[in-house]
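All chains are named by letter (A, B, ...) in the order of the sequence lines, taking the proteins before the strands, and each is independently numbered beginning at 1. As the structure is a computational prediction, the values presented were derived from the model and not from experiment.
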Amino acid sequence: MIADTQITDVALAKQLGLTAQEYDFICRKLERKPNYAELGICSAMYSEHCSYKSSKPHLRKLPTQGPRVLQGPGENAGAIDIGEGWAVIFKMESHNHPSFIEPYQGAATGVGGILRDVFTMGARPIASMNGLCFGSETNPVTHGLVRGVVKGIGDYGNCVGVPTVAGQTFFHPCYNGNNLVNAFTAGLVRHENIFRASASGVGNILVYAGAKTGRDGVHGATMASKEFSSEKEPERPTVQVGDPFTEKLLLEATLEAMQKGLIQSIQDMGAAGLTSSSFEMADRAKTGLHLNLDKIPSREHGMSAYELLLSESQERMLIVTQEDKFDGLKAVFDKWDLDAEIIGVITEGKKVTMTYKGETVVDMPVDLVANPPMAERPLSAPSDLKQLWFMDRNQLMVAPLQQKIDRLLDTINFADPTPLTQQYDSMVGNRTEGGTFDDAAVLRLREIKSKPLRLAFSTDCNPRICQLDPREGGRRAIVESALNLAVRGATPIGVTDCLNFGNPENPEVMWRFSESVEGIAEACEALKVPVVSGNVSLYNDTDSRPIYPTPMIGMVGLIEGEQKLPYSNFFGTELELAIIGNLEASLGGSQLAYQWFKRDCGQPAATDLPASQRMIKFLGQLAKKNMAYAAHDISEGGLVVAALEMAFRSPYPETGVEIQIPSRIEIDEVLFGETCPRVLLAYAPENRVEIETLCSRSAVKFNKIGNTTDKAKFKVTQGLAVLSDMSVSTVKETWQNKWKGFFN
Amino acid sequence: MKVGVITYPGSNCDDDAVYTLQETCGWQTDRLWHKDTPSLSEYKLLVLPGGFSYGDYLRCGAMAALSPIMENVKAFADAGGYVLGICNGFQVLCEAGLLPGALAKNDSLRFVCKDVDLKVETNDSPWTNFLKAGDTLSLPIAHGDGRYIIEESDFAQMRGRHQILLTYQNNPNGSAFDVAGVCNEKKNVFGLMPHPERASDLRSRNGMGVWRSIQSVLEKA
Amino acid sequence: MRAKVEIFYKDSVFDPQGSTICQSLKRLGFHTVKEVRMGKVIDVELESSSPRAAQQELENMCKKLLANPVIESYKIILGETATT
Amino acid sequence: MRAKVEIFYKDSVFDPQGSTICQSLKRLGFHTVKEVRMGKVIDVELESSSPRAAQQELENMCKKLLANPVIESYKIILGETATT
Ligand SMILES: Nc1ncnc2c1ncn2[C@@H]1O[C@H](COP(=O)(O)OP(=O)(O)O)[C@@H](O)[C@H]1O
Ligand SMILES: [Mg+2]
């Protein structure tokens with residue numbers, strides 16, 4: 001007999017975020033009304049955040065198969081074979097809403113969550129990245145958000161001892177009131193040590209391990225499924241506080257217990273806490289569970305069943321093991337000063353029952369909770385796309401070049417991120433190679449002795465393009481991430497995505513979502529990189545204005561064998577420069593267009609996927625030649641920004657650039673166009689022939705465009721005309737100082 | 001030659017230290033656990049690694065300095081055994097009273113991770129005898145609490161005794177007198193904020209100077 | 001005039017630092033310790049025209065900068081001097 | 001029994017947090033502020049047999065763990081309750 005002290009009705013269900021139809025569905029399946037705790041379980045598990053009810057049908061379009069895939073989407077993280085019996089485990093996840101309410105703790109617990117997703121799979125985390133989007137720099141709240149988020153990420157990752165090695169930061173007014181914090185972590189594991197989250201083996205016990213449960217974050221999942229409004233204070237559950245120290249202990253205890261064979265299966269308690277971890281583990285194994293909530297280690301008095309089930313206290317795990325292994329398991333957790341308690345047992349019958357204080361408080365079919373009905377979301381193409389695509393090309397054409405360059409660079413999006421990146425420990429683990437915070441970070445895998453192997457990591461997304469043409473935005477995020485890896489000599493092997501969008505009940509948002517996913521799918525298929533994990537964050541709106549679609553991509557690449565890493569800067573003052581790819585590129589959706597017209601405009605040109613694939617292959621082969629060269633992909637800000645960044649990072653302060661634009665070629669398109677794929681290459685003149693030969697053999701275009709100089713000038717010429725001749729050091733100083741203001 | 005690396009709860013550069021001592025220096029390296037109280041007499045060198053013992057809660061290194069193993073470490077040091085503290089290990093040594101001074105929050109109030117240029121103040125020590133006094137040594141730092149605090153009179157005395165081994169050329173954290181690494185009067189205990197174990201094979205080999213220095217002493221011992 | 005502001009996490013917010021210190025104290029043999037909460041104390045020297053004015057200014061400082069209302073609560077104590 | 005321990009840097013030690021807060025307060029227009037020092041306050045719930053015993057225990061805790069005499073000084077305040 002189920003305890004029915006608290007009667008529920010539709011009104012209460014609605015308060016908890018369920019629809020009337022959903023409530024009705026639950027009552028029919030149960031053949032009775034759910035009690036309060038059961039309703040809470042459903043409200044969390046039916047939320048967008050946990051159920052993916054709007055996005056799941058679209059996500060099926062993503063390619064998830066491939067010869068290297070050991071684990072695709074569906075587990076805590078994806079797994080890709082890297083050879084020698086080893087695998088890389090990775091995932092990216094959003095913590096947008098919590099980071100807006102409390103930037104420091106929100107970002108910190110975001111890092112904590114993604115770390116747990118990776119070590120739950122048995123992998124030792126070796127690298128983290130983050131993708132951040134903030135509102136306008138002139139918005140007074142932006143500075144506090146940047147400071148809090150960056151400190152939160154740093155304090156958590158630094159303390160646990162996982163290096164933060166790359167990332168992306170983008171400022172745009174569309175994120176005023178709804179910033180994005182996407183955290184990526186990758187870990188290493190031997191194939192045979194990969195753990196999965198499945199509650200199999202009737203009679204096996206369920207063990208609660210890690211930090212104690214408090215009331216923090218009760219209903220966090222439902223909050224992440226609501227939009228913010230500046231009018232009314234959003235519902236604020238108690239903010240979860242991250243404890244990186246406990247996380248580090250949990251990491252070590254978990255890996256040690258796994259290595260000693262004391263764990264059969266394991267899942268972290270993330271969004272919707274014990275509820276989602278228990279129901280999901282039972283669902284995967286097609287078993288049932290019985291839990292005794294009295295056994296849960298709690299740190300607050302008088303917690304109700306509802307609170308125990310929906311608490312989002314951090315740093316907790318749910319472990320399945322055989323009863324006779326419990327003593328060993330407990331000894332390991334004792335060693336690390338952590339709790340471990342038996343809280344339940346696996347049963348037959350695909351049902352979860354829970355008792356608390358002598359009463360049965362939950363009695364529900366697993367399927368009802370774990371597989372809620374999907375939501376049918378209508379799609380419709382925005383009516384204003386044609387207007388967005390209009391760009392007054394003539395107005396640009398007649399403006400003097402120097403003025404365009406000056407405006408292009410006059411943005412916080414063109415800034416040296418060092419003041420930020422120095423707050424992250426990028427070296428702990430002793431794997432990080434070369435300059436970190438280049439296009440992609442490269443880590444040697446010191447634990448693999450049989451063969452030199454390195455992994456490369458990059459993250460990318462261009463929200464402007466996604467807004468103007470979401471399908472192209474999806475494609476470009478993939479291709480640019482892949483190029484970021486390829487310019488360092490790495491072969492892309494796997495993708496994780498974090499899809500940040502607005503309210504899915506808005507058909508235009510859903511259309512953009514669907515288009516983006518299809519763009520990602522097209523590009524992944526063309527490049528033959530599978531998506532093995534990901535995350536969706538919807539309801540990123542303020543006052544019904546959605547953010548730009550932001551499908552943030554995290555990509556992993558592999559470097560096999562001994563090869564020198566290419567430079568990512570101008571490593572000399574007598575180098576030749578060439579664009580690999582087309583000389584001219586479209587200004588649609590470019591940084592210049594935004595900086596000039598003060599709005600994102602123009603129609604972005606489509607990425608040539610076959611050409612991208614050839615270019616990636618070419619870059620891979622070039623890296624194997626052990627020739628000294630530098631490579632940098634051309635993206636936001638076009639050739640001008642790419643060349644300046646390479647000059648700024650030169651070891652010689654006198655390094656300058658001269659770009660010679662051939663006659664009858666559109667100057668703006670060469671300098672500012674952003675069509676993908678294009679890469680800027682710098683090499684010693686004597687290597688030109690070899691590079692050109694490889695280009696023609698690889699069917700990629702080679703366009704010599706200029707050279708480096710020792711004049712410390714950024715110079716553009718066409719024929720005899722000097723179109724720009726500006727001091728590199730002056731621009732560099734401005735570039736270096738922009739971010740300092742955030743951290744003073 | 002056998003050396004030991006101590007793991008405290010929250011240590012996170014213990015793996016890096018073990019890797020460097022074992023793979024790069026080629027020394028037999030044991031891991032020691034803070035709750036144990038083993039005999040340490042078989043070790044030529046003990047390393048207290050970097051990280052965030054006890055989460056850096058309360059004060060960096062304060063709780064680790066009270067670990068059960070620390071009684072043994074103190075006895076080991078008193079008997080002339082060589083002890084090295086890197087970053088958090090340096091903080092632990094100061095908190096345990098094995099080194100003078102204390103480490104406080106960086107004056108920027110921010111964590112900072114970068115390569116810094118150090119000046120070798122003296123090579124009259126077991127830890128720097130392989131280096132040249134006055135030379136520049138570039139090593140990475142990664143800390144939020146590296147501001148060394150010492151009274152001027154104590155500093156003068158330590159300097160006179162060649163206890164100040166490394167100083168920063170561009171002070172990154174507000175340390176008094178630019179101090180980056182110090183040893184005790186007997187010179188068998190050394191603590192520094194920079195990470196030589198992160199600069200011994202991959203990013204650079206500058207950290208090898210420290211290992212070669214102590215190796216020559218240990219081999220003679 | 002001298003004043004102090006004490007800032008703690010709200011009771012409902014987990015305080016990992018306090019609980020770690022508590023465990024350490026117990027391990028060191030201080031068995032009478034039941035709970036520890038860790039907070040900040042800000043000692044302010046200010047030249048206000050009156051205690052009432054000071055109180056008001058400190059309230060404003062807390063709201064504007066010193067405390068984070070989402071997770072922290074604060075208490076103003078007028079007239080006390082800091083430890084020296 | 002409830003007690004508090006306040007811990008501040010000694011006057012001779014530079015307190016970057018205090019001086020940063022002081023500057024920020026002035027920037028925000030709080031011109032009456034002259035000086036700010038930032039410290040820690042540790043709120044302890046303990047079951048001692050008497051106030052004297054509590055005082056003694058807290059002294060020991062400070063000496064052993066809570067304060068570092070090289071850079072910090074502390075003050076024990078018995079019987080006060082934390083902010084709520
Ligand atoms: N939030 C962040 N976290 C970590 N790294 C970042 C972050 N923002 C920027 N970076 C790093 O700084 C480097 C330079 O940034 P940026 O100039 O935006 O990249 P790009 O080289 O693609 O132009 C990037 O390679 C990136 O790794
Ligand atoms: Mg790039």
*Asks:* Specify which of D:Lys64, D:Lys40, D:Glu72 makes the most heavy-atom pairs with chain C at under 4.5 Å.
*Replies:* D:Lys40
*Asks:* Does this structure show an ion pair linking C:Arg37 with D:Glu45, if we count only N-O contacts that are shorter than 4.0 Å?
*Replies:*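 No, this pair does not count.
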*Asks:* Which region of D:Leu66, side chain (C-beta onward) or backbone (N, CA, C, O), has a non-hydrogen atom less than 4.5 Å from a non-hydrogen atom of chain C, or is it both or neither?
*Replies:*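 Side chain only.
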*Asks:* Kindly compute the distance separating OG (D:Ser24) from CE (C:Met61), expressed to the nearest 0.5 Å.
*Replies:* 12.0 Å
*Asks:* With rounding to the nearest 0.5 angstrom, report the CG to CD distance, D:Asp43 to C:Glu35.
*Replies:* 7.5 Å
*Asks:* Considering non-hydrogen atoms only, spot the tightest contact between D:Val33 and C:Leu46 and give its length.
*Replies:*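 In this case the closest contact between D:Val33 and C:Leu46 is CA-CB, 4.0 Å.
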*Asks:* Apply the side chain to side chain contact (heavy atoms under 4.5 Å, CB included) test between C:Phe30 and each candidate in D:Val44, D:Leu65, D:Asn60; give the one that qualifies.
*Replies:* D:Asn60
*Asks:* Given that the side chain runs from C-beta out, which part of C:Lys10 has a heavy atom under 4.5 Å from chain D: side chain, backbone, both or neither?
*Replies:* neither
*Asks:* Among the options D:Lys34, D:Glu57, D:Gln17, D:Met1, pick out the one with the most heavy-atom pairs lying under 4.5 Å from chain C.
*Replies:* D:Lys34
*Asks:* Walk me through it: do C:Glu47 and D:His31 pass the test side-chain contact (heavy atoms from CB on, under 4.5 Å)?
*Replies:* CA-CA 9 Å; C:Glu47 287 179 348; D:His31 298 295; over 6 Å; no
